Structures are given as C-alpha cells and as structure tokens.
2 protein chains.
Amino acid sequence: MSTPAAESLSSDLAVYAARLVRLVRREHAPSAATRVLSILDETGPLGVTALAQADRCSQPTMTGQVNQLVDLGWVTKQPNPADARGSLVALTDSGRTELRRIRRLNAALVSERLARRTDLSPDDLATAVSVLRAVLEPSNPISTASTTSTEGSS
Amino acid sequence: MSTPAAESLSSDLAVYAARLVRLVRREHAPSAATRVLSILDETGPLGVTALAQADRCSQPTMTGQVNQLVDLGWVTKQPNPADARGSLVALTDSGRTELRRIRRLNAALVSERLARRTDLSPDDLATAVSVLRAVLEPSNPISTASTTSTEGSS
DNA sequence: AAATTTATATCGGAAACCTATGTAAGTCGA
DNA sequence: TCGACTTACATAGGTTTCCGATATAAATTT
C-alpha cells in the first residue's frame, strides 16, 4: 500500500551508507580505527574477541587493529584479571580526544551538507540514525553467534 | 531544545553507516563492486574518471575496479567515439542481474531487521534514505576537484 | 587428567586504496 | 600550424584493511 518501493529503499540504505563511508574516509578518517574507538566508547573495555564480534570482523583483524591503536596510544591492552587468557582493551584519554575530533569532523561534514536541504529537518536526521541503529541492533545475529540457548542471564 | 544533540546525531550517522557497510560486506557483498554497479545503473555509461569522481575514489583505483568488473563480465569498456582518449564503461545484462541479486540481499537484510522494530515505519526508512542521499548530493564538492592549479606560472 | 572450548597471537595472502608518473589525445593561443 | 596546457587513462609501487588456517595457553567439562 503505502510502501510499494520498500524493497528498493531497503537496498538503497545499504548502497548510500557505503557511499557515505567512502566520503568520510576520503575526507578525514580511516573508518576501521573509528569503528573500534566508538565501540569502546559505547560499551567500555572489551576483550579482543568481543570487540571483533561487535565490529563484525575476524578476531585476527581485530588483534591487528588493537595493536595499531595501542601504538597510537589511543587504547590500552591489559590482562583481564578475571581470565588469564583474555585481555581488556580500553580507551585512553588520548583515544577519547581522537574520537571527539573525528566526531566533530563527521558532524561538520554531515550537518553542513544537510543544512543545504531545506526539506530535511533535524528530526529527519534523528530518524535516519534510529533506522541505522535498528538495523545494527545487537539483538540481531552478530553472525557466528553459536551461543543460541544461553541468553538473558548476567 | 529541538536539536540539542544535533552534532552527536550527525556524527552517529557516519559511524552507523560504517557499521552497516561492514555488516553488508560480511554478509554477502564486497562493497566496492556494488558501488560501481549502482552508479552505472543510476547514471548510464561513464568514463573511468567520471566514475572515480562519482565513487569518490582515485582514478587508478577505479581503473582497477573497472578491469575487475570487465573480467567478471558485469561491465564493458568501449572506446568513446566522441573522444579517443576516453572510454565508456557500461553495465552488461549480467551486471544488471548481479546488481539485482545484491539489491535483493541488501533489502532482505535491512527489511528483516527493521521489521522487528515496531516503532519504526516504512516512512522512517524512506526518511533515512533521503537523509543519506542529501548528504551525498553531487551538488556538494566531490572532493578531488583539485584542478584549481593556481600554482604554476604568473 | 584428558578432551574440549575459549581467547589471542602469528603467518601468509587477498582486496581495496593511494600517490606519483607516463602517454596519448584533445584544446587553445599566437 | 605549432608549441603549451589540459584531460583521460594506464602502470608502478606501496599502504591499509581484511581474511582463513593454525598455534598456544588458560579455562571448562567429563
């Protein structure tokens, strides 16, 4: 009824997201590091594997990313006191500063371009973010989710 | 009060877009080829440099992408009859089929996840797409328009 | 305590980019 | 018409970002 082109729209969301990522990357920030920093900012310290799942990349990839970020001084990697196998990756002040810098640039880029469109309100931006967030919601299978039954507790 | 967190939202748009791209890539489609195919589908045949600008990548990168797509049989590259320096890259039927396949997968992924959210309507999805499209609008500087070359003599 | 699972690291390699630079074809001014 | 740009594209060489396969060590299970 009101949504004859719903499938087309669903696909467009992914296509345009890809173009936005290229725009941002080219403009000011490599996306891989930013994704990791923002995940840590949202969730607090995580192990490497949990980070990889949150970013939907492989564990070796995340190991490499974390090492880079450690070298840059944006995160620390400490042994997890509760589990000697694991580590805990946490943002440093410097990392938080960097994340703030990227966010400012992101915001400038997006808001500047949106401002030229009088037909789109700030509420529409909020809606767009909600939609993206919904699609990414962790309640959806983060791929490789083998823990089917265990849920809810702790 | 209408937009206290506007800056935050603007930045989130980019961050979540990056995560969506990773989700899609991991799920079913490498994004680089998809971007090129969808640009050609929207604009019709283009030269390599024009394609690079539309995709906001460097010209050598696009040369490589196009070569790959030619090998896959998804596009053709023919000499431009109007300009012997240039070529014209065009979708093949096979390329259109592939694009349709990817779009179906994109759509399934997005709509399936959105469907679980009763608080988000199809209209909201349309709004999200509009916002992304607005940010990407070509009326905005497509970067690399660098031929200002104000350097040079006198 | 052996077998299994879990958390990371390492290795080797592929994909997707980039900058710098070369070449050939158009354009333009004197 | 001839040089001087400019434009379109290719190639070379390198970086970033990612992957699967595999090793190791700690926790867990049987």
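Reckoned from all heavy atoms, side chains included, excluding hydrogens, waters and symmetry mates. Residue numbers begin at 1 in each chain, while the letters A, B, ... track the order of the sequences. It should be emphasised that the depicted structure is a prediction, and the values quoted were computed from it without experimental measurement.
Applying the 3.5 Å distance criterion, the base of D:dA10 shares a donor-acceptor pair with the side chain of B:Gln59. Judged by distance alone with a 3.5 Å cut-off, a donor-acceptor contact links the side chain of B:Arg85 to the base of D:dT7.
Inter-residue side-chain proximity for B:Asn106 and B:His28 is flagged as met; some heavy-atom pair is nearer than 4.5 Å. With contacts defined as side-chain heavy-atom distances shorter than 4.5 Å, the pair B:Leu9/B:Leu13 does not qualify.
Using a 4.0 Å cut-off, some side-chain N or O of B:Thr61 falls inside it from OP1 or OP2 of C:dC18. Close to C:dA9, at under 4.0 Å from its OP1 or OP2, lies a side-chain N or O of A:Lys77.
The residue B:Ser31 sits apart from the nucleic acid: no heavy atom pair falls under 4.0 Å. Contacts of B:Pro60 with the nucleic acid, taken as non-hydrogen atoms under 4.0 Å apart, include base atoms.
Rounded to whole angstrom, the span from the CD atom of A:Gln53 across to the P atom of C:dT6 amounts to 11 Å. The distance between atom CZ of B:Arg19 and atom C1' of D:dC18, rounded to the nearest whole Å, is 18 Å. Rounded to an integer number of Å, the gap from CD of A:Gln65 to C1' of D:dC18 is 9 Å. Atom pair B:Arg26:CZ and C:dA15:C1' shows a separation of 15 Å (rounding to whole Å applied). Between the CD atom of B:Gln68 and the P atom of D:dA10 there is a distance of 14 Å, given to the nearest Å. For the pair B:Leu46 CG and D:dT7 C1', the interatomic distance rounds to 16 Å; values are reported in whole Å. C:dA15 atom P lies 13 Å from atom CG of B:Leu69, rounded to whole Å. For the pair B:Leu51 CG and D:dA10 C1', the interatomic distance rounds to 16 Å; values are reported in whole Å.
Of the candidate nucleotides D:dC19, C:dT8, D:dA26, D:dC19 has the atom lying nearest to any side-chain atom of A:Cys57.
Residue B:Asp83 is the one, among B:Asp83 and A:Arg35, whose nearest nucleotide of DNA chain D lies closer to the 5' end (criterion: closest heavy atom). Mapped onto DNA chain C by nearest heavy atom, A:Asn67 and A:Arg25 fall at different nucleotides, with A:Asn67 at the one closer to the 5' end. Comparing A:Arg22 and A:Thr63 by the nucleotide of DNA chain C that holds the closest heavy atom to each, the one mapping nearer the 5' end is A:Thr63.
With A:Met62 as the fixed residue, the side-chain contact (heavy atoms from CB on, under 4.5 Å) test singles out one of A:Asn67, A:Thr49, A:Val36, A:Leu46: A:Val36.
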Walk me through it: do A:Arg117 and A:Asp124 pass the test salt bridge (Lys or Arg N to Asp or Glu O under 4.0 Å)? CA-CA 11 Å; A:Arg117 291 281 300 252; A:Asp124 291 334; over 6 Å; no
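For the residue pair A:Glu98/A:Ser94, the side-chain donor-acceptor check at 3.5 Å is not satisfied.
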